[in-house]
Number of protein chains: 2
Amino acid sequence: MPSPLSLDGDRLWSNILSTARIGAHGKTGMNRLALSASDAEVREWFASECRALGCTVEVDDIGNMFSVLPGSKPGLATIAVGSHLDTQPAGGRFDGILGVLAGVEILRALHVSGQMLRHPFAVVNWTNEEGSRFSPAMMGSGVFCGVHDIGSIHALSDKEGLTVGEALDKIGYRGEHIAGYLPMAAYLELHIEQGPVLEADGSKVGIVSGVQGLRWLDVRIRGTEAHAGAFPMTLREDALVSAAKVVLATEAIAHKYPPGVATVGSIHVAPNSRNVVPGEVRLEIDLRHTEESGLAAMEAELVADIARLVPQAELSVVWRKSPVLFNATLRETIQEEAEGLGLSALHMVSGAGHDAAHVAVKVPTAMIFIPSREGLSHNEREYSSPQQCADGANLLLRSVLRIDEILGS
Amino acid sequence: MPSPLSLDGDRLWSNILSTARIGAHGKTGMNRLALSASDAEVREWFASECRALGCTVEVDDIGNMFSVLPGSKPGLATIAVGSHLDTQPAGGRFDGILGVLAGVEILRALHVSGQMLRHPFAVVNWTNEEGSRFSPAMMGSGVFCGVHDIGSIHALSDKEGLTVGEALDKIGYRGEHIAGYLPMAAYLELHIEQGPVLEADGSKVGIVSGVQGLRWLDVRIRGTEAHAGAFPMTLREDALVSAAKVVLATEAIAHKYPPGVATVGSIHVAPNSRNVVPGEVRLEIDLRHTEESGLAAMEAELVADIARLVPQAELSVVWRKSPVLFNATLRETIQEEAEGLGLSALHMVSGAGHDAAHVAVKVPTAMIFIPSREGLSHNEREYSSPQQCADGANLLLRSVLRIDEILGS
């Protein structure tokens with residue numbers, strides 16, 4: 001048996017730092033919006049690096065990039081790894097980027113060793129995971145998996161009125177392949193956790209069992225705008241007082257349905273002036289749970305609570321997404337490889353959405369997390385150490401090698 | 001005894017409607033900011049109308065206008081009525097304006113009848129009552145009464161960087177008189193209620209016993225900004241959940257100390273995005289009470305409640321203003337004249353601040369309210385009927401005539 005492959009953690013770290021200059025923002029932050037000039041620049045870097053490592057670089061009609069190495073056994077579907085190179089407008093250097101650059105180091109390890117997988121192997125850069133410039137988020141993987149129709153997606157505009165299709169043309173990334181063209185045998189995504197669970201637990205890596213489902217609710221509460229001095233308390237309908245009850249009810253629901261989480265992240269008050277009783281408040285609520293049943297119970301109970309506490313509230317559910325469960329075989333394989341590398345692993349659910357959640361709809365999929373310092377993400381202080389990045393990338397490599405054996409046999 | 005004077009309600013109404021074209025905003029709203037071009041235009045109208053009715057028009061160094069009729073008995077101080085002609089940026093046609101235009105109709109009634117008061121009589125237009133362009137509000141009456149220093153007030157700037165002094169020069173209203181130059185024997189102000197109390201009670205007029213005192217508090221709550229999906233409830237510090245507790249505690253305080261009122265009118269959340277746990281919230285609180293003791297108790301108890309509910313909250317009191325009590329003799333006189341006119345009257349405290357609250361510091365002062373439809377004010381839907389305006393103005397006239405007798409004797 002040959003000595004097992006491992007990848008170059010220093011090279012990975014150095015590529016994270018050097019590519020972070022493309023679209024740098026603030027001291028250690030990133031502003032590399034999807035299909036922007038800096039996104040184009042990092043795409044060129046990625047394509048050129050992969051070609052130098054023996055890949056063909058294929059692009060589909062939503063701009064997803066596939067750097068593909070051929071396999072030794074004919075007729076097998078591709079094993080893919082990847083994530084995204086776009087960032088939030090004030091994002092960090094690791095979110096998404098780690099998963100793509102770790103794939104590049106796998107290509108390099110294979111290239112240097114001369115070892116050939118039995119399956120074709122691809123490193124994927126999904127278009128517009130963040131959704132900051134063009135909504136919805138996870139756009140490229142959504143089109144790839146048939147969740148979104150390519151025509152409708154091409155017609156969506158950014159704030160300046162430029163469409164996705166025009167933005168793809170502008171940077172030369174409306175590819176010739178039809179999204180979804182590449183048959184995949186398995187998809188693995190390495191990502192930072194973006195939460196504090198691994199750091200608190202002390203585990204080196206997370207093996208992600210799935211992605212939470214979610215409900216987005218909008219609440220509009222109308223009261224009566226009034227002079228804060230001249231209106232007696234008994235004659236008031238203060239929309240912010242009603243909204244405060246909804247905020248507390250939302251928090252209480254989450255505590256009642258663990259491990260559910262519930263957040264009122266956004267509030268808009270009109271007229272929002274100190275000496276005017278608020279006349280109208282709009283709230284945006286985010287509910288998540290690992291189980292569809294838990295999510296449905298949270299939604300139903302919150303709707304009932306709001307109707308009881310604030311009868312005049314107008315409530316609408318603007319997005320429902322069911323939980324996603326990742327492939328059990330892939331998760332077990334990752335677990336065994338983590339043990340082989342001596343990396344303590346925590347099985348956990350992803351709180352955030354990821355491209356992998358779309359891909360899982362049509363391809364056996366799994367994810368690996370590494371810790372995020374203080375759980376920070378979408379923030380220039382986002383950080384994972386060189387060792388943590390190398391640990392995650394090596395576990396990804398070893399899992400790919402093992403899956404190549406299992407699935408190809 | 002000659003038949004008692006009364007004023008022309010139709011003329012008053014017609015002047016309210018015609019001067020509302022100066023700085024009209026929307027359908028029936030007003031945008032006549034202090035010292036703006038439209039404020040200058042309405043000032044010219046006011047001066048010219050008063051001169052035609054026999055007045056000299058005097059202006060002080062903060063732009064307050066005094067249209068003065070001489071009295072028949074030498075050596076007496078002036079009896080003044082008035083209010084303000086400036087409006088909120090999206091205000092109504094009655095707030096302030098009614099009190100000045102009612103004064104003009106008193107001048108007209110005296111002029112037409114040939115009757116001369118024993119005291120000099122003045123109609124005052126106070127500069128910048130609203131405080132929308134230049135803060136603080138009630139600026140002209142504040143300088144007149146020595147609450148503010150003229151030099152500091154002249155140096156204050158609007159958002160464009162133009163100072164009060166420059167704005168006065170620009171429209172030609174930095175007058176030659178030193179603010180406070182005019183000795184007053186009494187000051188009466190007619191105003192719309194700006195609240196729903198009179199309408200709910202059914203009384204024709206309000207006799208204002210004083211103006212509530214107030215406390216303005218700022219609260220800053222820092223939590224931990226975090227991913228709404230990836231952060232478990234147990235590890236969160238959600239600043240909006242803490243803020244909701246403060247909002248409910250603020251409302252509860254008011255109910256505990258009637259007739260106190262308490263409002264959180266303004267809230268700012270960062271980053272205010274649906275899927276991010278709020279990291280910081282700032283609240284602006286307005287507490288009011290008719291009694292200084294009630295106000296102090298509200299403040300002390302709210303501070304203690306916030307410290308208990310949200311220990312990390314940073315709290316500061318940005319403004320303390322004591323309640324003002326109006327002159328008892330003047331209030332009794334108004335009460336008697338209301339009875340004489342057959343107008344049902346409610347004795348009430350003003351929730352809103354008024355120029356009269358400043359003037360009361362140095363001159364015997366009282367106020368008359370008329371009902372505001374639905375209690376609306378600072379709103380283009382602000383409305384009082386022609387009859388309500390005429391009732392208030394006639395009560396003002398009769399009170400002036402009576403006070404002229406009482407004080408001059």
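A quick note: this is a predicted structure, and the numbers were derived from the prediction, not measured.
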Heavy-atom distances under 4.5 Å only: say whether [X] touches chain B with side chain, backbone, both or neither.
X	result
A:Ser273	backbone
A:Ile285	backbone
A:Leu240	both
A:Arg274	both
A:Pro259	neither

With only heavy atoms counted, which part of [X] is less than 4.5 Å from chain A, the side chain, the backbone, both or neither?
X	value
B:Ser377	neither
B:Gln194	both
B:Leu235	side chain
B:Pro278	side chain
B:Leu217	backbone
B:Val269	side chain
B:Leu287	neither
B:Ala226	neither

Task: B:Arg220/B:Asp218 salt bridge by N-O under 4.0 Å criterion - done: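 No, no charged N to carboxylate O under 4.0 Å.
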
TODO: Output yes when A:Glu382 and A:Arg373 qualify as a salt bridge under the 4.0 Å nitrogen-oxygen rule, no when they do not.
DONE: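 Salt bridge flag = no for A:Arg373 with A:Glu382.
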
TODO: Nearest 0.5 Å please: distance from the OG1 atom of A:Thr263 over to the CZ atom of A:Arg288.
DONE: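 Answer rounded to 0.5 Å: 7.5 Å.
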
Donor on one side chain, acceptor on other, [X] and [Y], under 3.5 Å:
X	Y	result
A:Ser372	A:Glu193	no
B:Tyr383	B:Glu374	no
B:Asp95	B:His191	yes
B:Ser322	B:Glu292	yes

Task: Donor-acceptor under 3.5 Å (A:His289 side chain, A:Tyr257 main chain) - done: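 Such a contact is found between A:His289 side chain and A:Tyr257 backbone.
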
Open item on the list: Quick check against the 3.5 Å criterion: does B:Gln212 have a side-chain atom that pairs as donor or acceptor with the backbone of A:Gly229?
Closed with: yes

